[in-house]
Amino acid sequence: MATAAVSGLVNVLESYRGRDRVIRTLCYSCQLLGGVMSNKSEMEHNWGKSLLIVSSQLSHCRMVLRLFDDLAMLAYSVNYGLGKKEKDSLIRWISIISNISDQLYYPCEHIAWAADSGVIHAKSEMWWTASTALWGISLMLGIVKSLRSLIMLRRYKGKHSQEEPPKSRGEIKSQMRSEVLCIISCLSDMVNAIYWMPSGFLWGGSSPTWLVGLMGTISSLIGIYQTAVGGSTGGV
């Protein structure tokens with residue numbers, strides 16, 4: 001069993017998306033533990049500080065790797081197009097707007113990163129706010145899309161065309177579970193997205209470090225689970 005677990009981990013780490021999910025989980029887990037330990041004794045405080053440094057470096061690692069995500073996202077958006085294969089018009093338009101939001105997110109983050117790194121002379125605050133807002137829009141659309149999918153699945157009563165075989169109760173239950181997990185994941189990330197907005201916007205900048213780590217860890221673990229069972233959720 002241990003050999004199978006190691007083999008599975010190796011397979012996950014060999015893919016870019018799998019490696020990103022593992023790094024994301026470690027990043028937020030370190031932030032969670034670091035935030036909790038920072039409020040303890042001096043020794044635990046020092047360990048907590050070290051974990052927060054590790055978390056920061058892992059986050060920076062993911063951000064640099066995302067510099068190469070634009071083309072992959074563009075290919076996905078072009079392939080989806082206007083979503084003519086979607087049977088529900090609401091889900092189609094939600095997906096189109098979400099793709100546009102995700103596509104715009106990357107250049108905004110790249111410019112913010114370049115400004116902070118001294119590559120270009122510009123103020124990064126506006127670009128960080130824009131990228132975070134676009135991420136938040138994508139998360140909200142993801143929640144609405146999953147809610148719509150749940151409603152459609154609940155209404156499903158075995159009606160099907162000749163081109164599409166009927167869904168079993170097990171398939172419907174599995175899809176509904178996947179959509180519920182997507183909603184929980186998006187809500188967890190939404191808490192953090194609002195935290196990274198400018199101070200004064202809801203709870204922007206006021207959440208404790210451990211809470212940011214907890215929300216990110218929850219969404220990251222859901223992402224790993226979804227990957228393992230063949231679902232899909234994403235997160236920054």
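Everything quoted here is computed from the prediction, not taken from an experiment. The first residue in the sequence is number 1, and the count goes up from there.
Under the 3.5 Å distance criterion, the side-chain polar atoms of S101 are matched with a main-chain donor or acceptor of L134. A donor-acceptor pair is defined here as one N or O able to donate and one able to accept, closer than 3.5 Å; such a pair exists between the side chain of W203 and the backbone of V191. Between the side chain of S59 and the backbone N or O of S55, no donor-acceptor pair lies under 3.5 Å. A donor-acceptor distance shorter than 3.5 angstrom exists from the side chain of S131 to the backbone of W128, with no hydrogens or angles considered. The main-chain N or O of I91 is found under 3.5 Å from a side-chain atom of S95 such that the two form a donor-acceptor pair.
When all heavy atoms of V54 and C30 are compared, the pair lying nearest together is CG1-SG, 3.9 Å. Between W113 and M63, the shortest heavy-atom contact is CD1-CE, 3.8 Å. A193 and T132 make their closest contact through O-CG2, 3.2 Å (heavy atoms, listed as atom of the first residue, atom of the second, distance). Between S38 and G48, the shortest heavy-atom distance links the atoms OG-C, 3.9 Å. What you find for D102 and S138 is that their closest heavy atoms are OD1-OG, 2.7 Å. Here the shortest heavy-atom pairing between T25 and S220 reads OG1-CB, 3.3 Å.
Expressed to the nearest 0.5 Å, how far CD1 of I100 lies from CD of Q103 amounts to 9.5 Å. Note that CG of L181 and OG of S219 are 12.0 Å apart. Values are rounded to the nearest 0.5 Å. Considering CG of N99 and CG of L74, their distance stands at 10.5 Å, rounded to 0.5 Å. For the atom pair OH of Y225 and CZ of R177, the computed distance is 5.0 Å after rounding to the nearest 0.5 Å. We find the CG-CG distance between L26 and L51 to be 11.0 Å, quoted to the nearest 0.5 Å. Between the SG atom in C186 and the CG atom in L141 there is a gap of 9.5 Å [rounded to 0.5 Å].
Below 30°, between 30° and 60°, or above 60°: for Y106 and H110 the angle between ring planes is between 30° and 60°, a tilted geometry.
Of the candidates L139, I222, I218, D189 forms a side-chain contact (heavy atoms from CB on, under 4.5 Å) with just one, namely L139.
No side-chain heavy atom of L65 sits less than 4.5 Å from a side-chain heavy atom of D20. W47 is not listed as a side-chain neighbour of K40, based on a closest heavy-atom distance of 4.5 Å or more. Looking only at side-chain heavy atoms (C-beta outward), Q226 and C182 come within less than 4.5 Å of each other. Residues L67 and E109 form no side-chain contact, since every pair of their non-hydrogen atoms from C-beta on lies 4.5 Å or further apart. The shortest distance between side-chain heavy atoms of M190 and M215 does not fall below 4.5 Å. Between W93 and K145, every side-chain heavy-atom pair lies at or beyond the 4.5 Å cut-off. With a 4.5 Å cut-off on side-chain heavy atoms, L58 and Y28 do not count as touching. Using a 4.5 Å heavy-atom threshold, the side chains of R21 and R24 count as separate.
Both I94 and I97 belong to a common hydrophobic cluster when Ile, Leu, Val, Met, Phe, Trp and Tyr are linked at side-chain heavy-atom distances under 4.5 angstrom. Put simply, L150 and M152 are part of two different groups of oily side chains (I, L, V, M, F, W, Y) that touch within less than 4.5 Å, one to the next. Two different hydrophobic clusters hold I111 and W196 under the rule that ILVMFWY side chains link at heavy-atom gaps under 4.5 Å. A single hydrophobic cluster is seen to contain both L32 and I184, as judged by linkage of ILVMFWY side chains at heavy-atom distances under 4.5 Å, directly or through other members. Hydrophobic clustering (ILVMFWY, side-chain heavy atoms < 4.5 Å, transitive): L221 and V22 are in distinct clusters.
Using a 3.5 Å distance cut-off with no hydrogens or angles, the side chains of Y16 and D69 do pair a donor with an acceptor. With hydrogens and angles left out, the side-chain atoms of T209 and Q31 include no donor and acceptor closer than 3.5 Å.
For L202, the CG atom sits in a packed shell: over 12 heavy atoms of surrounding residues, nucleotides or ligands are nearer than 6.0 Å.
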